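The block underneath contains the structure these notes are about, expressed in structure tokens.
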Amino acid sequence: MREAVIHVHPAGPLLALVGNPNCGKTALFNRLTGSRQKVANYAGVTVERKEGRLKTAAGKLLRVLDLPGTYSLYPRSPDERVTVDVLAGRAQGEKRPDLVVCVLDATNLRRNLRLFLAVQRQGVPCVVALNMVDLAARRGIQIDTQRLSELLGVPVVSTVATDGEGLDELRSLLDNPDRWQSAGITQPEGEDQQRIQHILKALGLDALQGALPSDKVDRVLLHPVVGPILLAVLLFLLFQAVFAWAEAPMGWIEAGTGWLGEQAGALLPEGHLRSLVVDGLIAGVGGVLVFLPQILILFFFILLLEESGYLPRAAFLLDRLMGSVGLSGRSFIPLLSSFACAIPGIMATRSIANPRDRLVTILIAPLMTCSARLPVYALLIGAFIPNREVWGGFELQGLVLFVLYLAGIVAAMAVAWVLKRFTNSGRQVRPLMMELPSYHWPHPRNVLIGLLQRAEIFIKRVGGIILTLTLLLWLLSTFPGPPEGATGPAIEYSIAGYLGRGLAVIFEPIGFNWQISLSLVPGMAAREIAVSALGTVYSLAATGEDTAQALTPLIASTWGLPTAFSLLAWFVFAPQCLSTIAAVKRETGGIKIPALMLGYLFVLAYVASYLTFHISTWLLR
Ligand SMILES: Nc1nc2c(ncn2[C@@H]2O[C@H](COP(=O)(O)OP(=O)(O)OP(=O)(O)O)[C@@H](O)[C@H]2O)c(=O)[nH]1
Ligand SMILES: [Mg+2]
């Protein structure tokens with residue numbers, strides 16, 4: 001694994017946030033530096049160091065590092081190693097921090113203090129941010145910060161990172177180095193247990209806590225029979241919502257782009273400029289933009305799952321199932337993140353301690369249905385699957401989408417099972433040790449920010465790479481112009497036309513025509529581009545007045561059902577994403593694993609599409 005590049009500032013004080021996983025370091029970091037790093041209610045959200053800048057009360061500038069959470073200074077996984085290396089001053093391109101803000105979760109002082117004592121022994125000046133005091137108070141835990149500060153020998157500030165409480169005090173503390181310069185009271189490692197007991201006793205916190213509200217909820221959600229059923233229902237409803245709720249807003253966007261196309265068509269004189277705007281920009285790029293509502297609905301659900309604290313529970317429920325294919329519940333969160341995008345999913349594998357499990361998880365992550373596949377699926381479903389209800393109220397379209405997601409998951413599990421046979425030597429079965437955070441009501445503000453960020457990412461993609469490649473495709477599809485006396489549409493004589501027909505030789509056996517084959521090429525950069533490429537190609541290929549027609553009815557009338565099914569199968573498996581391959585190369589530090597991934601996914605995609613095409617052709621005879 002290569003380290004992320006960090007700029008070296010030999011001058012200027014460096015502050016590091018250190019603490020157990022899920023104690024609120026990133027929430028604090030975001031507040032202190034004005035950043036928007038990802039915060040969520042499970043352990044292992046932050047997997048690499050992130051840098052920001054902070055202004056103290058007196059206006060001094062400090063560099064701040066947000067670090068992955070760790071339970072001890074004996075790292076077990078790549079993400080924990082990052083934190084331990086920074087603390088020891090071993091991190092590449094980074095000096096040893098001048099000050100550590102040790103973030104302690106006030107609801108779990110006993111465990112959090114272990115790490116604090118270990119950090120203190122490192123001899124770096126240290127202050128304590130006693131975070132989540134709001135949650136602690138709700139559970140009847142009152143901590144005397146003054147007393148805690150005396151017991152630990154370092155300043156203690158109580159904070160609520162989510163609403164900014166205590167941050168002013170923390171900032172002004174940073175202006176008074178004399179208050180934290182001494183390293184505090186340290187003692188040999190073996191005596192931590194007794195010292196923690198002593199501290200808790202002095203604070204009146206040594207009594208065992210009773211059952212928490214979360215435990216009551218878990219009695220249902222983690223029930224061996226009810227739990228998995230609820231999980232399945234939850235995921236099923238998610239896909240229903242993606243279609244049912246998105247219908248209206250998608251209609252508005254479609255109407256908007258359609259209107260725009262008509263206006264532009266009427267205003268601009270016949271010629272290349274009109275074709276560029278109408279066929280390239282509006283038919284191509286507008287065709288992808290229409291899927292924004294569906295993407296946001298999907299992320300709305302993912303954000304709720306992340307923020308509520310349900311995710312590690314789902315990992316726990318699926319541990320047995322994952323065990324049967326040679327993985328553990330540990331792999332669940334990276335795989336679930338891959339539903340958004342395989343790249344953060346692959347990064348999240350850094351929290352997996354076992355190298356063999358980590359590698360297998362990386363190899364199967366691209367089979368999880370990322371959000372870039374959603375436009376492709378939705379386009380084909382919209383065109384070929386009737387919008388009707390089945391079995392009392394379920395929408396058929398949502399059901400098909402659910403099946404497609406399921407196909408990716410089943411394939412991933414099958415691949416993991418096959419890999420188990422080859423990599424068994426590296427496999428150690430350990431019980432799943434995973435922290436179950438207490439449930440939170442998702443903060444509406446956090447969910448809103450998360451959704452806005454997603455919308456921004458998507459729109460930037462549409463305005464950036466999707467726009468660029470669509471325009472490039474328009475160029476290739478327009479030039480050279482048709483020869484004198486040509487009868488077919490101009491695109492058939494263009495570079496793209498020749499390219500498409502050349503590629504069609506490879507893809508004909510799986511039922512793709514030349515337009516589809518062509519759209520797969522720019523689709524390598526980002527899957528959604530396949531949709532905009534089809535929009536542009538079909539729009540250019542249309543002759544006469546029907547150019548402004550939407551893509552959905554167009555492909556519905558020109559492709560057979562087997563072709564549509566085959567293309568769906570292709571997108572379930574094919575490695576249509578160069579950035580994922582690049583991320584795998586970065587994480588595994590070589591080209592062997594990315595090459596293996598590229599190869600096996602292409603073979604799988606081709607075989608699956610071939611079978612789908614021929615079986616459905618035979619069935620629909
Ligand atoms: N109620 C309450 N929730 C908090 C507080 N601080 C953080 N949270 C929530 O706790 C969860 C974890 O916060 P993060 O900032 O992601 O935790 P982290 O320490 O960075 O976690 P890792 O990156 O996994 O090590 C999130 O759901 C936050 O919204 C707090 O003071 N009070
Ligand atoms: Mg974090």
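Bear in mind the structure is a predicted one, so any value in this text is a computation, not a measurement. As the structure lists them, so they are numbered: ligands from 1, and atoms in each ligand from 1.
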Protein heavy-atom partner closest to atom 10 (O) of ligand 1 - residue, atom, separation in Å = Met132 CE, 3.3 Å

Under 4.0 Å between a Lys/Arg side-chain N and an Asp/Glu carboxylate O for Glu51 and Arg49?
-> no

Can you sort out which atoms of ligand 1 are near Pro21, meaning under 4.0 Å from one of its heavy atoms?
-> 25 (O)

Considering the options Leu62, Leu173, Leu32, Leu15, which one meets the side-chain contact (heavy atoms from CB on, under 4.5 Å) requirement together with Thr56?
-> Leu62

Among protein heavy atoms, which sits nearest to atom 15 (O) of ligand 1, and what does the distance come to when rounded to 0.1 Å?
-> Ala27 N, 2.8 Å

Residue Val160 vicinity, atoms of ligand 1 by number, heavy atom under 4.0 Å | 30 (C), 31 (O), 32 (N)

The atoms of ligand 1 lying under 4.0 Å from a heavy atom of Ala161, numbered in the order shown, are 6 (N), 30 (C), 31 (O)

Looking at Thr159, Val160, Thr107, Ile141, which one forms a side-chain contact (heavy atoms from CB on, under 4.5 Å) with Val133?
-> Val160

List the closest protein heavy-atom neighbour of atom 12 (C) of ligand 1: residue, atom name, distance to the nearest 0.1 Å.
-> Asn22 OD1, 3.0 Å

Between Asp79 and Pro68, is there a donor-acceptor pair closer than 3.5 Å when you use the side chain of the first and the backbone of the second?
-> no

Should Gly19 be listed as contacting ligand 1, given a heavy-atom distance under 4.0 Å as the test?
-> no

Under 6.0 Å from the CZ atom of Arg96, do we count more than 12 heavy atoms belonging to anything else shown?
-> yes

Give the atoms of ligand 1, by number and element, whose distance to some non-hydrogen atom of Leu135 is under 4.0 Å.
-> 1 (N)

Among Ile352, Leu359, Val360, which residue meets the side-chain contact (heavy atoms from CB on, under 4.5 Å) test with Arg356?
-> Val360

Which atoms from ligand 1 have a heavy atom of Gly69 less than 4.0 Å away?
-> 25 (O)

Those residues that, when tested against Phe458, pass ring-ring contact (aromatic ring centres under 6.0 Å, His included) (two or more places apart) = none

Would you mind listing which atoms of ligand 1 come within a distance below 4.0 Å of any non-hydrogen atom of Gly44?
-> 24 (O)

Shell check on the Mg ion (ligand 2): protein N, O or S atoms less than 2.8 Å away are Thr26 OG1, Thr46 OG1

Neighbour count >12 (heavy atoms, 6.0 Å) for atom NZ, Lys60 | yes

Any Tyr42 heavy atom less than 4.0 Å to ligand 1 | yes

Could you tell me which residues satisfy ring-ring contact (aromatic ring centres under 6.0 Å, His included) with Phe332, sequence neighbours excluded, listed by chain and number?
-> none

re atom 17 (O) of ligand 1, the protein heavy-atom contact at minimum distance is Gly24 N, 3.2 Å

Should Leu152 and Val128 count as side-chain neighbours, where that means a heavy-atom distance under 4.5 Å?
-> yes

Taking the six-membered ring of Tyr439 as reference, does the NZ or CZ atom of Arg313 fall below 6.0 Å from its centre and within a 45° cone about the axis?
-> yes

Go through the structure and list residues passing ring-ring contact (aromatic ring centres under 6.0 Å, His included) with Phe301, not counting sequence neighbours.
-> Trp245

Salt-bridge test for Asp85 and Arg90: reply yes if a basic N is under 4.0 Å from a carboxylate O, no otherwise.
-> yes

Who's the nearest protein heavy-atom neighbour of atom 26 (C) of ligand 1, and how far?
-> Val39 CG1, 3.5 Å

Taking only heavy atoms of Ala43, which atoms of ligand 1 are found under 4.0 Å from at least one of them?
-> 24 (O)

For atom 20 (O) of ligand 1, the protein heavy atom that lies nearest, with its residue and separation | Thr26 OG1, 2.7 Å

Between the side chain of Asp357 and the main-chain N/O of Leu327, is any donor-acceptor distance below 3.5 Å?
-> no

Could you tell me whether some N/O pair between Thr46 and ligand 1 is separated by less than 3.5 angstrom?
-> yes

Can you find an N/O atom of Cys23 closer than 3.5 Å to an N/O atom of ligand 1?
-> yes

For atom 4 (C) of ligand 1, what is the nearest protein heavy atom, given as residue, atom name and distance?
-> Thr162 CG2, 3.5 Å

Does the distance from a Lys or Arg side-chain N to an Asp or Glu carboxylate O, for Arg195 and Asp192, drop under 4.0 Å?
-> no

Provide, to 0.1 Å, the distance between atom 9 (C) of ligand 1 and the closest protein heavy atom, together with that atom's residue and name.
-> His440 CE1, 3.7 Å

